[in-house]
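Everything below concerns the one structure shown next.
Read the numbers this way: they start at 1 and go in the same order the structure lists the ligands and their atoms. The first residue in the sequence is number 1, and the count goes up from there.
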Amino acid sequence: MATNDLPNGFTGFGHRRAGFVSAADAIRARENKTQAQAAAREQRADEPEAASAPRLRPLGAMLADNSDRPPLRPFDEAELEAIDQRDRRWAWLEIDLGAIRHNVVQTRRRLKRGTRLLAVVKADAYGHGAVRVAETALNSGADYLAVATVPEGIELRRAGITAPILVLAQPPATSIPLLLAYDIYPAVYDAQFAIQYGEVADSHGMKAPFHLAVNTGMNRIGVRYDEVASLLTQIAFHRALVLEGVFTHFATADCPETLNFDIQSKRFSEAVDSIRALGIDPGIVHCANSAAIFRYPQVHYDMVRLGISLYGYYACPEMRSLVELKPAMSVHARITDTRLVPTGEGVSYGLHYRSAGSVKICTVPLGYADGLRRGLSGNTYFIVDGKLCRQVGNICMDQCMFEVDLRSYGTHRRIDPQVGDEVIIAGQKDGLEVSIDELADKLDTIQHEITIGFAQRLPRIYV
Ligand SMILES: *Cc1c(COP(=O)(O)O)cnc(C)c1O
């Protein structure tokens with residue numbers, strides 16, 4: 001091949017043809033017009049026969065005259081800020097706050113008067129955005145909030161939220177000043193932590209409210225159900241400590257079998273009784289997660305903890321007949337590229353998918369870095385112009401492809417999506433649905449992991 005046939009004067013690594021001007025050189029030259037003109041004169045002198053072997057120039061140099069380009073006018077920051085997230089990146093999440101409200105209201109209806117509703121907004125509200133979800137839940141009938149970590153609690157306080165906040169674990173003792181300063185209640189199960197918490201509170205003239213975490217069988221955190229009385233006796237002397245509540249967590253509330261659930265429930269009620277037997281008020285007694293709220297109303301006690309169902313998901317199939325929930329999260333994208341791929345040609349890494357012909361392959365700009373798990377490759381559908389189109393080829397980190405059948409046959413309505421058209425990755429449209437429940441099922445996981453995954457990088461739009 002003649003070197004002239006190669007683009008941009010590139011003649012192989014380390015062999016750039018004389019006269020080749022790199023982009024960096026061109027920019028530098030633009031900064032100094034005199035120098036650029038001198039360089040150009042020099043080059044003309046060097047290569048008098050340039051016409052016979054046309055020299056390749058950087059794109060910018062093609063412009064007739066760079067000398068009278070307009071003065072530099074930087075972009076206005078407010079103008080940049082005003083560009084919608086959906087116009088910055090053609091992939092986004094929509095969070096339906098009306099669905100959050102609906103799910104709170106549906107839950108409230110199942111509670112006895114006086115039973116409090118705690119909204120679990122840990123992990124940035126399972127990816128839905130902690131502050132917006134907390135505000136919506138509180139406005140819809142929730143009384144209490146729970147987070148997993150002290151920083152998550154601080155985020156809510158800094159946003160102006162005044163409702164009680166419980167951390168669902170015992171944080172490091174070094175975070176005690178933050179708990180007190182931001183009025184965040186820890187879960188406590190250790191006497192040493194409790195005393196230290198009480199001491200720090202006392203030295204600031206404060207009370208030290210906490211919820212006692214009881215281990216009734218999950219064996220994750222908490223004081224053993226039969227050691228509750230002994231722990232409380234150990235710390236009861238401290239004047240600052242206030243037992244705000246007592247709770248446990250079920251390992252199997254979402255499982256078809258009920259034996260283990262029954263064992264945990266019994267142990268919990270015994271633990272609460274043992275507190276009362278000491279003459280101590282247990283405060284707010286709570287244990288029900290989403291599955292237990294709907295399946296086992298007998299364990300509502302004084303408060304229930306609504307997690308995954310706050311976001312519209314069923315913790316188990318048994319729940320479906322008990323309540324109608326609305327999923328709050330949907331995943332959207334716009335097509336960034338389309339092509340007709342000839343029969344037999346492959347698509348994406350590994351070329352595992354092969355075109356069967358008469359198909360249009362469309363690309364959307366989201367991938368496994370956005371929570372569209374690679375394990376779904378070839379095994380999920382997108383809603384496109386009123387049809388379900390199969391995702392094909394391996395899902396890449398930042399992009400993936402889907403297939404559109406271009407054939408005309410029977411009652412099949414032919415669609416022809418174009419760059420810029422909107423696609424639903426998860427959600428409902430035109431009477432069709434791709435649910436986060438089914439994505440979780442296909443991946444043999446739970447919805448929690450799927451919604452949190454989608455929130456990893458996709459911007460959230462509240463609707
Ligand atoms: C996460 C969590 C919940 C919420 O559970 P869901 O199954 O999502 O309703 C409730 N209680 C504790 C202690 C938790 O850690």
Side-chain angles (χ1 to χ4, degrees), residues 100 103-104 106-108 110-111 115-128 130 133-134 137 142-150 152-153 164-171 184-189 210-223 225 244-255 260-261 264-265 267-268 271 284-297 299-320 322-323 325 327-329 436-437 440 445-453 455:
I100 299 281
N103 300 326
V104 171
Q106 288 304 309
T107 308
R108 260 254 157 261
R110 282 153 179 85
L111 305 181
T115 305
R116 279 177 248 224
L117 198 166
L118 174 150
V120 181
V121 295
K122 64 192 181 191
D124 207 10
Y126 294 40
H128 296 66
V133 168
D143 310 283
Y144 229 91
L145 299 170
V147 293
T149 67
V150 176
E152 286 179 346
I165 299 174
L166 168 64
V167 180
L168 293 167
Q170 185 179 286
I184 296 165
Y185 304 156
V188 171
Y189 46 82
F210 68 99
H211 286 238
L212 182 72
V214 182
N215 174 26
T216 55
M218 173 135 164
N219 290 312
R220 181 170 69 178
I221 59 162
V223 54
Y225 63 97
E244 188 72 22
V246 176
F247 75 103
T248 194
H249 192 46
F250 293 115
T252 61
D254 59 341
C255 299
N260 289 298
F261 173 83
Q264 283 197 270
S265 308
R267 288 173 175 173
F268 184 56
I284 304 167
V285 176
H286 54 111
C287 60
N289 58 359
S290 297
I293 292 171
F294 297 99
R295 292 184 75 198
Y296 306 109
V299 299
H300 284 180
Y301 290 97
D302 304 322
M303 180 160 78
V304 299
R305 302 192 302 266
L306 184 66
I308 193 66
S309 296
L310 171 61
Y311 308 99
Y313 305 102
Y314 299 94
C316 54
E318 288 76 10
M319 265 180 69
R320 287 179 186 275
L322 303 173
V323 60
L325 300 170
M329 179 182 283
I436 284 179
D437 303 75
T445 184
I446 53 176
Q447 302 95 333
H448 313 51
E449 199 184 16
I450 303 298
T451 59
I452 287 166

Worksheet item: Which residue and non-hydrogen atom of the protein lie closest to atom 11 (N) of ligand 1, and at what distance in Å?
Response: Arg305 NE, 2.8 Å
Fill in: Atoms in ligand 1 flagged as close to Leu168, the criterion being non-hydrogen separation under 4.0 Å
12 (C), 13 (C), 14 (C), 15 (O)
Fill in: Proximal ligand 1 atoms for Gly307, defined as those under 4.0 Å from one of its heavy atoms
4 (C), 6 (P), 8 (O), 9 (O)
Worksheet item: Looking at residues at least two apart in the chain, or sitting in another chain, which of them share a side chain to side chain donor-acceptor pair (under 3.5 Å) with His249?
Response: Arg305
Worksheet item: Do Thr107 and Phe294 pass the side chain to side chain contact (heavy atoms under 4.5 Å, CB included) test, and can you show the C-alpha distance, the side-chain angles, and the key distance before you say yes or no?
Response: CA-CA 8 Å; Thr107 308; Phe294 297 99; 3.5 Å; yes
Discussion item. Using a 4.0 Å cut-off to any heavy atom of Ser290, which atoms of ligand 1 qualify?
Written reply: 6 (P), 9 (O)
Worksheet item: Given side chains that start at C-beta, do those of Phe268 and Val285 come closer than 4.5 Å, heavy atoms only?
Response: yes
Worksheet item: Is Phe247 close to ligand 1, meaning an N/O of one under 3.5 Å from an N/O of the other?
Response: no
Worksheet item: In the protein, which heavy atom is nearest to atom 15 (O) of ligand 1, and how far is it?
Response: Lys122 NZ, 2.7 Å
Worksheet item: What residue and heavy atom of the protein are closest to atom 6 (P) of ligand 1, and at what distance?
Response: Ile308 N, 3.6 Å
Item to complete: Could you tell me whether the side chain of His286 reaches within less than 4.5 Å of the side chain of Leu166, counting heavy atoms only?
Response: yes
Practice prompt. May I ask you to list the atoms of ligand 1 that are less than 4.0 angstrom from any heavy atom of Arg220?
Written response: 13 (C), 15 (O)
Worksheet entry | Nearest neighbour in protein (non-hydrogen) for atom 7 (O) of ligand 1 | His448 NE2, 3.8 Å
Worksheet, complete the sentence: When rounded to the nearest 0.5 Å, the distance separating CD1 of Ile293 from CZ of Arg110 is 10.5 Å
Fill in: From Thr216 atom OG1 to Phe247 atom CZ, the distance as rounded to the nearest 0.5 Å
10.5 Å
Worksheet item: Can you name the residues that form a side chain to side chain donor-acceptor pair (under 3.5 Å) with Arg116, not counting sequence neighbours?
Response: none
Practice prompt. If you have a sec, work out which protein heavy atom is nearest atom 4 (C) of ligand 1 and how many Å separate them, to one decimal?
Written response: Tyr126 OH, 3.4 Å
